[in-house]
Amino acid sequence: MKMGFICPEAKSPLAKHQFISALRCIARGLPLHSAHMDKDSVAEVLKEIGVFLELKGENPFKTRAYVNGARILEGLTESLDTLIEEERLGDIKGIGAALVEKITELVETGELEYYKELKASIPPGLIEMLDITGMGPKKVKAVHEKLGIKTVKQLESACKKGKVAELDGFGKKSEEKILEGIEFKRKHASHHHRHKALLAAEPILMDLRSHPDVIRCDIAGSLRRSKEVNGDIDFLVSAKKSEDIIEAFTQREGTLSVLAAGNTKASVLLEGGIQADLRVVDDSEFASALAYFTGSKEHNIVMRSRAISRGLRLNEYGLFKSKEETRDPKLRLNCKTEEDIFKALDLAYVPPELREDRGEFEAAEQNKIPKLIEWTDLKGSLHNHSDWSDGQDSLEEIAEQMSGIDCAYWAITDHSKASFQT
DNA sequence: CAAGGTGA
DNA sequence: GCCTGTGT
DNA sequence: ACACAGGCCGTCACCTTG
């Protein structure tokens, strides 16, 4: 659907929502002005406010409160309208008076004055700058305020002119890095489809597995959580000594450049612009490290809080029987696998796919984690393209695959020659 | 070297 | 921003 | 009941600046 053509200004979630909402009204034959926001649209606005506040240099905890609120809304099972109507929104932990007011305004009017003002006060280019590696909120704020820079282009030319190096906290090196970051952003996608990431990851995983020093080894991060889009690829390895593993990882062919290589971790850029990170840990730390690096961040936060409320402490090195920061092996609970960690926190095992703090903790407490669909559950497939049109594999290869996974039925659905997509 | 910022 | 403990 | 203060998840590696 070419929405941009019909609704050219639909750039903010708010405007986009209003547009879609209007479409729905038309479809149902309802009057247009019942602008009604659902929880996800409201969440988008709150998240955006979070970014804005960050750029303003607001209290980071305040920023977090908004992002937090957004996440809570997304995970809501109950209808937002009901909650507002019955004035129970504020009962939810993490949503206080201020958020109740703002959410209510959004749902009831489809707008939020506070958001509008905030948005108007921040040039969109600043958000874009946050995507440049090395440019965090503080630095974006600095170049904006001190040099009046509003776009990435302006930032680029300011760096070339040496203006940026004059600023406090910046130097020649900073300018170079920023320019590199801009260049990189133009050349490479920031995110990659799962199948591409997997394609890149599998041979590396094979190599790591077959390395003599490697004890245990796994993919972590969003790829392990089976997210459809991945920012990078994370590998975790346990071993007695790391040097040779790091060496092998960074010296693989197909590696464009080595971003960092130290004692316990390395980072490389693969062909196609995908970044791959490797961590090497002691085998006794493998479980906690795997849990930690698998994430998500939101999930980890709740895991740590759970540990704390049980007089424990959870970090990438283990689960410790202590209220203080520690890495003392004597205080460490022996968790050989992730299952052990969940068990120690009174939780059923949560598969990586569900680790998003979207309700998995409630389910795991009651031992009600759903069984996830697996390949073997697939009964048939009615949409397959071969390389005759725009698919990847030949008919023979598809046939072999399909008989291999025991489908009751399947079909080839190639495009006709007349409708080839280019 | 410490401090600040950033990314992981 | 939110939440909790403390003191009034 | 209300006002107010203080904490809020975690740790490291790394870089740049001063």
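Order of the sequence lines sets the chain letters (A, B, ...), proteins ahead of strands, with each chain counted from 1.
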For the side chain of [X], starting at C-beta, report the closest nucleotide among [options].
X: A/Arg64; options: D/dC8, C/dG1, D/dA13; result: D/dC8
X: A/Asp232; options: C/dT4, B/dA8, B/dT6; result: B/dA8
X: A/Asp277; options: B/dT6, D/dG18, B/dA8; result: B/dA8
X: A/Arg279; options: D/dT17, D/dG18, B/dA8; result: B/dA8

Over all strands shown, is [X] touching base, sugar-phosphate only, or nothing at heavy-atom distances under 4.0 angstrom?
X: A/Tyr317; result: sugar-phosphate
X: A/Ala97; result: sugar-phosphate
X: A/Lys172; result: sugar-phosphate
X: A/Leu130; result: nothing
X: A/Leu53; result: nothing
X: A/Phe61; result: base
X: A/Tyr114; result: sugar-phosphate
X: A/Pro137; result: sugar-phosphate

Requested in this report: Answer with yes or no after comparing the ring centroid distance for A/His385 and A/His383 against a 6.0 Å cut-off, counting only values under it.
Outcome: yes

Query raised in the report: When you compare B/dG5 with D/dT11, how far apart are their C1' atoms, in angstrom units rounded to a whole number?
Result: 15 Å

Requested in this report: Would you tell me if any nitrogen or oxygen in the side chain of A/Ser174 comes within less than 4.0 Å of OP1 or OP2 on D/dC15?
Outcome: no

Query raised in the report: Quick one: is D/dG10 close enough that its OP1 or OP2 comes under 4.0 Å of any side-chain N or O from A/Arg313?
Result: yes

Requested in this report: May I ask you to say whether A/Glu145 pairs ionically with A/Lys141, meaning some side-chain N is under 4.0 Å from a carboxylate O?
Outcome: yes

Report task. Please state whether the rings of A/Phe235 and A/Phe249 are parallel, tilted or perpendicular, taking 30° and 60° as the class boundaries. Result -> perpendicular

Round to a whole Å and report the spacing from [atom1] of [X] to [atom2] of [N].
X: A/Asn59; N: D/dG6; atom1: CG; atom2: P; result: 14 Å
X: A/Asp131; N: B/dG7; atom1: CG; atom2: C1'; result: 14 Å
X: A/Glu316; N: B/dG7; atom1: CD; atom2: C1'; result: 13 Å
X: A/Lys177; N: B/dG7; atom1: NZ; atom2: P; result: 10 Å
X: A/Lys139; N: D/dT16; atom1: NZ; atom2: P; result: 9 Å
X: A/Ile92; N: C/dC2; atom1: CD1; atom2: P; result: 13 Å

Query - A/His188/A/Gln275 under side chain to side chain contact (heavy atoms under 4.5 Å, CB included): CA gap, chis, key distance, verdict - result: CA-CA 10 Å; A/His188 305 289; A/Gln275 188 178 323; over 6 Å; no

